[in-house]
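Let me begin by presenting the structure, written as structure tokens, before commenting on it.
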Amino acid sequence: MKLYGKFFLINLQSQMQYKVSFFLTIAGQFLASISTFLSLLFIFSRFPEIKGFTLNQVLLCFAVVQMAFSFAECFARGFDRFPSMISNGEFDRVMVRPRSAIFQIMAYKMEFARLGRFFQSLCMLIYAMIACGVFWSLSKLAVLFLMIICGSIIITGLFLVYAGLTFFTVEGLEFMNILTDGGREFGRYPFSVYGKEVLKFLTYVVPLALYQYYPLMYLLGKSDKILYGFLPPIGTLFILPCFAFWRFGLHRYKSTGS
Amino acid sequence: MIEVSNLTKSFRVSTREAGFKNAVRALIKRKYEYIQALSGISFRIADGEMVGYIGPNGAGKSTTIKIMCGILTPDSGECEICGRIPWKERTRHVRDIGVVFGQRSQLWWDVPVIDSFELLRDIYKVEHSAYRKTLDELTQLLNLNRLLKTPTRNLSLGQRMRCEIAASLIHSPKVLFLDEPTIGLDAVSKIAVREFIKERNRNSGTTVILTTHDMQDIEALTERILLIGRGRILLDGNMRELKQRFSRHKKIAVAYAGSLSSDMLSNCDGITVREEKMGRALIVLDSNLLTVSEVIEMLSKTVDIKDISVEGVTAEEMVVELYKAYRI
């Protein structure tokens with residue numbers, strides 16, 4: 001963990017070297033996520049509610065997803081660069097160092113610029129928490145906290161699968177973005193609005209709904225099953241098969257000629 | 001102690017013919033081809049040895065090195081380095097080895113070199129006192145004093161290579177893999193790097209495995225060479241013996257006054273005249289048939305010798321001969 005801090009500093013130092021770019025990207029990220037926020041506002045200016053969710057309730061959902069995402073991105077976005085790490089041979093370097101490959105990839109590149117999105121979602125979260133009319137008992141706060149933390153773990157699992165796939169093919173990874181970036185875009189709305197089939201898929205196959213939809217229902221008082229509050233930690237089990245998949249891929253690593 | 005026996009490794013690569021039509025076809029059905037990168041490699045390297053690992057491009061050099069570093073898992077065969085199997089105990093194994101990839105940097109691009117070194121110290125969990133000592137030593141030997149505070153991106157290639165080598169030695173590895181360490185360096189830097197490697201091998205007893213296309217590196221550094229071609233070890237031998245084997249042919253460059261009758265020379269067995277003009281000639285003789293002094297005698301009878309030099313084969317030519325001999 002201490003070492004992670006060191007990597008953190010050296011990354012920060014590198015990115016600060018290009019000051020203007022650093023701040024511009026933060027600002028850019030902030031503005032970009034504001035625009036998605038605005039699109040949400042426009043839709044709700046036409047329809048008072050969508051499938052029984054009001055604007056403020058959707059905002060809460062959106063903020064949680066964004067927060068979870070920006071956490072995961074900040075720490076684990078190195079996996080996003082993973083295909084290029086493989087093709088430029090950077091990964092060989094990782095392999096000859098006495099630390100776990102996952103740790104090094106996570107530490108390889110940290111996206112501080114994503115902090116912009118993080119702040120934006122933090123503002124939105126605070127606003128939505130106040131506006132959605134939920135009485136924030138201690139247990140509900142705990143569930144909210146779990147949603148964000150476990151959400152980012154589940155998303156990290158997706159990144160891991162994404163990286164693991166690169167061991168087999170370097171092309172056609174775009175479809176994974178449906179789950180990663182798409183997970184964020186669709187995650188604006190509670191997953192139930194997309195229909196039962198999608199919800200089932202996101203419950204049993206890729207358990208994004210476990211940190212988003214179910215606990216949200218509990219938070220909003222639409223369901224009184226306290227069990228729903230415990231689903232996010234269960235969802236994090238998803239990371240185990242992801243990890244196994246990654247290990248399997250790693251074993252088949254081919255490297256590139258030099 | 002490094003022991004490698006019967007390593008094999010093959011890669012699957014997709015192939016397609018050129019052209020758009022075939023590109024579309026490849027999209028639907030892809031043809032694969034298996035390339036046997038290594039087909040049964042065995043050798044043994046003792047502690048403290050310095051070995052040159054040579055072979056043409058695509059012979060399997062990198063693949064072997066990558067297996068020995070724990071990056072790749074071979075299809076079959078065994079490899080044990082310092083009592084460990086690289087790909088099975090990767091993290092323990094890599095603590096004992098240092099790797100320099102000549103074409104890829106291991107330093108963080110935007111921060112001063114010293115920061116990279118400190119991060120490496122933490123990655124390898126090197127004690128602070130040991131680190132200080134190693135760093136002082138390396139700084140002095142590689143003359144890094146001025147470079148440590150410069151960001152890597154501002155270093156020249158020669159400076160960077162010195163830093164790279166230092167970086168790979170911070171954890172005092174027992175085995176050092178050098179993959180083309182002098183590629184693209186100027187003469188001065190090349191010599192500095194070679195001197196350092198020699199010194200390190202002699203004084204610290206570091207085992208060095210060197211792959212390079214620069215035969216001067218090999219000549220200056222290694223006693224023993226391993227020649228690999230088409231995935232096999234073709235030759236494992238002592239540099240000097242090899243040279244003797246290939247020094248059958250000697251080159252004599254001569255400057256003279258008078259007229260040299262090249263017919264006379266060419267008719268003599270064991271002599272070929274490669275060039276002859278303006279009072280200079282380059283003669284190659286086969287030392288199995290003629291001695292150098294016989295040729296000189298013959299020359300001095302017909303012309304007035306102004307200058308003469310006799311050369312054996314260079315390592316470069318020897319390797320070309322070797323490649324030819326093994327048809328790789």
- Query: Out of A:M95, A:H251, A:Q104, which one racks up the most heavy-atom pairs below 4.5 Å with chain B?
  - Reply: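 Heavy-atom pair counts peak at A:M95.
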- Pick one of side chain, backbone, both or neither for A:F7, based on which atoms fall under 4.5 Å of a heavy atom in chain B.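 When you check distances to chain B, atoms from both the backbone and side chain of A:F7 fall under 4.5 Å.
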- Message: Applying salt bridge (charged side-chain N to carboxylate O under 4.0 Å, His left out) as the test, list every pair that has at least one member in residues 113-124 of chain B; sequence neighbours left out.
- Response: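 Residue pairs passing salt bridge (charged side-chain N to carboxylate O under 4.0 Å, His left out), neighbours aside: A:K6-B:D122.
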- What residue pairs, at least two apart or across chains, pass salt bridge (charged side-chain N to carboxylate O under 4.0 Å, His left out) with a residue in residues 206-215 of chain B?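 The answer is B:K190-B:D214, B:R194-B:D214.
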- Query: Between B:R84 and B:E80, is there a side-chain N and carboxylate O pair less than 4.0 Å apart?
  - Reply: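 Salt bridge between B:R84 and B:E80, a charged N being under 4.0 Å from a carboxylate O: no.
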- Note: B:R104-A:D92 ion pair, threshold 4.0 Å (strictly below):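 A salt bridge is present here (some side-chain N lies under 4.0 Å from a carboxylate O).
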- Message: Tell me which of these, B:K61, B:R95, B:K125, B:R90, has more heavy-atom pairs under 4.5 Å with chain A than the rest.
- Response: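 If we count pairs closer than 4.5 Å to chain A, B:R90 comes out on top.
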